[in-house]
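Data first, discussion second: the structure below is written as structure tokens.
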Amino acid sequence: MPTARDPSPGGATVTERAPTGAALTGGMRWVFLHVYSTPAARFSTAVMSQVRVRFAPSPTGFFHIGSARTALFNWLYARHTGGVFILRIEDTDKERNSDAYLGLIYDSLNWLGLNWGEGPEVGKNGGGDFGPYRQSERSEIYREHVQRLLDGGRAYEKDGATWFKLLGDRYEVFDEHRKKTVTKVKLPPVVIDDRIRGRVERLEDEDFVIVRSDGNPVFHLVNVVDDIAMNVTHIIRGEDHLSNTSKHVLLYEGFGVQPPAFAHIPLILKQNGPGKMSKRDQGALIEEYQRRGYLSEALVNFLCLLGWNPGDDREKMPIAEIIRLFDLPGVNQSNARFDDKKLAHMNMAYLLELPADRFVAIAREYFQLHSAAHSAAMAAGDSYFRDVMLLSQPKVKGVEELPAYTAYFFNEDFSIDAKVRDKVMAKGDPKARLRELAEMLKAGDLSSDSAVEEAMKALAAKNGLGFGDYQSVARLALSGTNVGPSITGMIRVMGRERVLMRIERFLAM
RNA sequence: GUCCCCAUCGUCUAGCCCGGUCCAGGACACCACCCUUUCACGGUGAGAACCGGGGUUCGAAUCCCCGUGGGGACGCCA
């Protein structure tokens, strides 16, 4: 609905949209609002001035892009409003939970810089007055709340499970889709005043289970109970939860509590094929980007732009600026397709302007994960490694290219690309050029790129040739290929001894 | 099948709320050229979109309706 960006204040939604056909539902809506707004006064705490948002993942699988963005939008909103970002672990599914996945949630959030003010205590994160923050430790709280519904006649037991009871006239009907007779309840549609979608109506007409027959409470119940208990003011979550929201609103009503503000953000679609992105899709895992040496600030910047924008043409922005500008009405309503090319570009842009020390540190970290490249690189010594990395920084699109891109700096047995060799050796007398270059380098000043460059240019001029006549064959002899950093930089970094050795070996071939 | 959400270049999007300034702007990708010491970066340029149909209006990408398409939800999963 196009009224989305106009969050009408204070539930005044009832009156807008006039004549045609809305009269009936409008009237019923009033009844509904009346029912739950009266007892709300008794339960709801004083006016909450501070925004409290939560990210509530389940440790049942890898942490993926979609979850990361939901966490990010919550975090941004908390930072923007000076509110609290809560991490709550929804680990009620005993079958599928695992500590490894839980650890991955903590690691990924930390890596992305999404620190939580309240939640499980991990490192500098967590703590808070509304714990415990793992649902597996909150059973007593759920039991009390279910008892309250039972006592108030809003829940009953059947088939060993506990069901939430809808209030209204009941009737039986055969459900074609599920092939069974079900009991339905006559009710006006639930109204959701969504900060991103606008007004959404959805009919909820069947009682639903809130505690399984094995005694475990279900998602809908624990989610609502915790959001009440933790004083959550804004629920920012994926649009896939929009259809659950009617159940949740009914539960709030059952507890006599005014629901928080809802904001359903668009989904991220997989880049190839139909459907939303899931943990199994190509490029879906946060862990993977971390492992591939992506810069978290680049990934965060990219993720912000999937479903949100600052309202102008800016894309690459410091996080502080994003925090300043981020707001719920600026979030898009349509799903966005993930594009790894754009992410790679963003990553390169960040890489290019990374301070030298940090670039080298990240490169070293990356090499450590790749033992073969690592041992050779480390054997060459810290300062040589640093020089090689800084020489390559402006040339690569990502840290993951580094080991292959720089391999010949660290290994003497690099291979010579046959095609390149044939091409380079085809015209002129490259070997003669190489001999002239070696002669010059024996005594030349190799202390800076410009010194090397001047010497090479002088040599070329003396022989009536161009810089390129020396560059291509020198590159071939030193690296075996025709791509790489500037040749002058290579000579400077490799040093006289190594350069002369490689040239001689090449001439002997 | 039922219900809900959405709809601008291949992709992410600006513009839409408050109709004219839009023969629709930016970015990624692609192509060409320039720069150049290879490869990149960078610069310049090209191609590329208002889903369709009705309506309202002097005028619609912008408002309304209907189609169509895409997405989501329909569990004693979360």
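Chain identifiers are assigned alphabetically (A, B, ...) following the order of the sequence lines, protein sequences preceding nucleic acid strands; residue numbering begins at 1 within each chain.
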What integer distance in Å separates [X]:[atom1] from [N]:[atom2]?
X        : N      : atom1 : atom2 : answer
A:Leu221 : B:rG75 : CG    : P     : 18 Å
A:Asn332 : B:rC6  : CG    : P     : 12 Å
A:Lys247 : B:rC3  : NZ    : P     : 16 Å
A:Asn309 : B:rG15 : CG    : P     : 7 Å
A:Gln393 : B:rC41 : CD    : P     : 15 Å
A:His345 : B:rA40 : NE2   : C1'   : 12 Å
A:Met277 : B:rG71 : CE    : P     : 15 Å
A:Arg69  : B:rC12 : CZ    : P     : 12 Å

Using distance alone, with no hydrogens and no angle criterion, decide if [X] and [Y] have a side-chain donor and acceptor under 3.5 Å apart.
X        : Y        : value
A:His220 : A:His248 : yes
A:Asp93  : A:Thr60  : no
A:Asp226 : A:Tyr133 : no
A:Thr245 : A:His264 : yes
A:Gln147 : A:Arg143 : no

NZ or CZ of [X] within 45° of [Y] ring axis and under 6.0 Å:
X        : Y        : value
A:Lys186 : A:Tyr171 : yes
A:Lys316 : A:Tyr350 : yes
A:Lys247 : A:Phe208 : yes

Please give the distance between the [atom1] atoms of [N] and [M] as a whole number of Å.
N      : M      : atom1 : answer
B:rC35 : B:rC22 : P     : 35 Å
B:rA73 : B:rC33 : P     : 48 Å
B:rG42 : B:rG15 : P     : 26 Å
B:rU57 : B:rC65 : C1'   : 16 Å
B:rA29 : B:rU11 : P     : 16 Å
B:rC51 : B:rU8  : P     : 6 Å
B:rC28 : B:rC41 : P     : 10 Å
B:rC12 : B:rG72 : P     : 15 Å

Among the candidates [options], find the nucleotide nearest to the side-chain atoms of [X].
X        : options                : answer
A:Val209 : B:rA29, B:rA78, B:rC76 : B:rC76
A:Arg96  : B:rA78, B:rA29, B:rG26 : B:rA78
A:Arg202 : B:rG26, B:rA78, B:rC4  : B:rC4
A:Pro274 : B:rC39, B:rA78, B:rG71 : B:rG71
A:Leu306 : B:rC12, B:rG71, B:rC39 : B:rC12
A:Glu453 : B:rG26, B:rC41, B:rU37 : B:rU37
A:Asn335 : B:rA29, B:rA78, B:rG71 : B:rG71
A:Ser243 : B:rA73, B:rU38, B:rG71 : B:rA73
A:Lys395 : B:rA7, B:rC77, B:rA40  : B:rA40

Watson-Crick/G-U partner (both atom distances under 3.5 Å) of [N]:
N      : value
B:rU56 : none
B:rA27 : B:rU11
B:rG1  : B:rC74

Exercise. Nearest nucleotide by nearest heavy atom, which residue falls closer to the 5' end of RNA chain B, A:Tyr405 or A:Gly311?
Worked result: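 On the 5' side of the pair lies A:Gly311.
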Problem set entry | First of A:His220 and A:Trp308 reached from the 5' end of RNA chain B, by closest nucleotide | A:Trp308
Base, sugar-phosphate, or nothing for [X], non-hydrogen atoms under 4.0 angstrom?
X        : value
A:Leu352 : sugar-phosphate
A:Ala336 : sugar-phosphate
A:Asn216 : nothing
A:Glu315 : base
A:Arg314 : nothing
A:Asp91  : nothing
A:Gly238 : nothing
A:Ser213 : base
A:Glu95  : nothing
A:His241 : base

Does a nitrogen or oxygen in the side chain of [X] sit under 4.0 Å from OP1 or OP2 of [N]?
X        : N      : answer
A:Arg212 : B:rA78 : yes
A:Lys276 : B:rA73 : yes
A:Gln333 : B:rC6  : yes

Exercise. With ring centroids as reference points, do A:Phe73 and A:Phe326 lie under 6.0 angstrom apart?
Worked result: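 They qualify: ring centres under 6.0 Å apart.
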Exercise. Hey, is CZ on A:Arg280 packed in by over 12 heavy atoms from elsewhere, all under 6.0 Å?
Worked result: no
Exercise. Do NZ/NE/NH1/NH2 and the carboxylate oxygens of A:Glu436 and A:Arg433 come within less than 4.0 Å?
Worked result: yes
Problem set entry | Salt-bridge present (A:Lys184, A:Asp205; N to O < 4.0 Å) | yes
Problem set entry | Close residues, residues 464-489 of chain A, relative to RNA chain B [heavy-atom separation under 4.0 Å] | A:Phe467, A:Gln471, A:Arg475, A:Asn482, A:Val483, A:Gly484, A:Pro485, A:Ser486, A:Ile487, A:Thr488
Exercise. Does the base of B:rA40 carry an N or O that pairs as donor and acceptor with the side chain of A:Lys397 under 3.5 Å?
Worked result: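 Flag unset: no donor-acceptor pair detected.
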Problem set entry | Presence of donor-acceptor pair under 3.5 Å, side chain of A:Lys342 and base of B:rU13 | no
Problem set entry | Syn/anti state of B:rC51 by chi, 90° boundary around 0 |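 Anti, since the glycosidic angle lies more than 90° from 0.
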